[in-house]
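Reminder, nothing fancy here: chain letters follow the sequence lines and each chain counts from 1.
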Protein chains: 2
Amino acid sequence: MATNIKAINVKLAYEKLLEIRDKTNLGSDQVLQQLESVYDVSQRYLRECKTGGLLSKVKSKNYFLFENNGKFSRPVNSGLYSGGIKQIGDFFSGILHNDLSMMSEEKITSACYVVAMSYCAAIDIIKKKADKKTPGTYFEVLVGHIYSRKLGLLPSKQVEVLNLDMDNAKLPTDFIFDLGKKKPKFHVPVKTSTRERVIQVWAHQRVLDGVYGVGRFLGTLVCMAETKLSTDTGTVVEICLPIQWQLYQMYIAQMKRIYYLDMPAKYEMLNNTFPKIPVRPFGQFFKDIDSLVAGSSD
Amino acid sequence: MATNIKAINVKLAYEKLLEIRDKTNLGSDQVLQQLESVYDVSQRYLRECKTGGLLSKVKSKNYFLFENNGKFSRPVNSGLYSGGIKQIGDFFSGILHNDLSMMSEEKITSACYVVAMSYCAAIDIIKKKADKKTPGTYFEVLVGHIYSRKLGLLPSKQVEVLNLDMDNAKLPTDFIFDLGKKKPKFHVPVKTSTRERVIQVWAHQRVLDGVYGVGRFLGTLVCMAETKLSTDTGTVVEICLPIQWQLYQMYIAQMKRIYYLDMPAKYEMLNNTFPKIPVRPFGQFFKDIDSLVAGSSD
């Protein structure tokens, strides 16, 4: 019964997060406060759950899952989770004061992983049906808030396409952060995982490049993980399509950065090959962003 | 009980269709014969179901649905269905002999609609969970078979990307029909409905254009319908994004044709505006194809 109440608290905290986002704005202190509340109640729920180790087919990474009443969470990266959970206080305080300089990139990545994963793992178990939308929306609010604070402005979710006679045409997009005249604009798709749908990201970037000119929108995709759990065998794999990403990067558009919380090794290798795609742990965003804004970064 | 046996027959006929496709090939007479069997058993099942009228918010089109044991099919276009059902014999015989010249475009479209819809409507009711994959695969086999026969060759589902040092790179695609040297190749995505995923179609076309050169692959998307049933209110709407299609056509790649079985009015209008996208009833494929192959069609 106590577990049930804790489950309800997770749902309520999430609903309140969306309410506060709509009432204030995505970058407000109140949203940050509520992100912290969602994290807290999710942790309280997860502490009531059992954990179980998984057979990891992913080199150098171990995974476990949370379990309650025969229902399972998605796989959780053990190293990131145990490392990140000690950093939560510093992380939220750093976001609040817009200063994460005292944290290493690794610590930021793992703390942000724990914050993202806690709600997702809890809701995986709590929800009656397989629910992809709620974790996706939550992760979008989290990443959107972090970008809003760091860049000091709010995003839009569509851009106008002023195309001669088509003056009412708007393109719905993921987040667009417009830094103003003679500065770059950020195109920020946010996905818990990508799979075959990822071609949309490059295609949207292509439309933005076509409408506004190449180089005006910096595409920075933010992803959580590419893990897949086979429930029959209890094994975890990563689903990656690096060659297809290279084809998209060559033939559709050029993404400036792809950030991961749980970085897949096959995508990390895209940093060291040619054509190169800069795929980085998300913690590096805080170090990258100034040079990206200044236009001095690759 | 009789209904249950008829439901099982629909499932078995579909499974046999996939088996035959794998054992023979997508364009074989055996596949056509089995498509006819799937149609027959689906009809026998649907004749056991009740039908119910729907409130259509789509101008000049009426819809109904099949119902059994409180489970519903997708919306069925009344005009296409009642018109097409009289043409089934001619349609299958025309496909077999590769000669549909005695049928009007309208009759071909409506007959093909009934063949596609019969299985989809039956399986909508029979399947326990919402099942998008089975209808999608069935429709892909149907359209793939029709293209194979008409073009007299079999498709592949990936193309090699011979890109200097990346000589093992392959791009998975929808159907590719390669007519050989100095002739066009057809890129044929097949979807029961498109919604927001459709940008993939233009993005794949863009990659093909980039790898092989613009104009080498003619993109012809084949769709069933864009209807959506609101089960609460029993109303049918069409979900269309014509301005976004225009942006994709301008900024990503140029699709040569988009064929529909149940043509949405908002997409039909794209034939008469600028930039123009040729969106046609599927029956017109049989009239278009010779001039497309000869390269003499817009």
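Within the model, atoms NE2 of H204(A) and OH of Y248(B) stand 4.5 Å from one another, a figure rounded to the nearest 0.5 Å. To the nearest 0.5 angstrom, I199(A) atom CD1 is 9.0 Å from I199(B) atom CD1.
Annotation: K71(B), atom NZ; neighbour count of heavy atoms from other residues, nucleotides and ligands within 6.0 Å is above 12. Residue-environment remark: CG (N69(A)) stays at or below the threshold of 12 foreign heavy atoms within 6.0 Å.
With respect to chain B, the highest number of heavy-atom pairs below 4.5 Å among L241(A), I252(A), D209(A), L208(A) belongs to I252(A).
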For residues 183-193 of chain B, which side-chain donor-acceptor pairs fall under 3.5 Å, sequence neighbours excluded?
unit_1  : atom_1 : unit_2  : atom_2 : d
K185(B) : NZ     : D178(B) : OD1    : 2.9
H187(B) : ND1    : Q205(B) : OE1    : 2.8

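Contact of Q244(B) with chain A is made through the side chain alone, with heavy-atom distances under 4.5 Å.
When all heavy atoms of Y251(A) and V207(B) are compared, the closest pair comes out as CB-CA, 4.1 Å.
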Subject >> side-chain contact (heavy atoms from CB on, under 4.5 Å) between R206(A) and R206(B), worked out >> reply: CA-CA 10 Å; R206(A) 170 91 212 169; R206(B) 170 92 210 165; 3.1 Å; yes
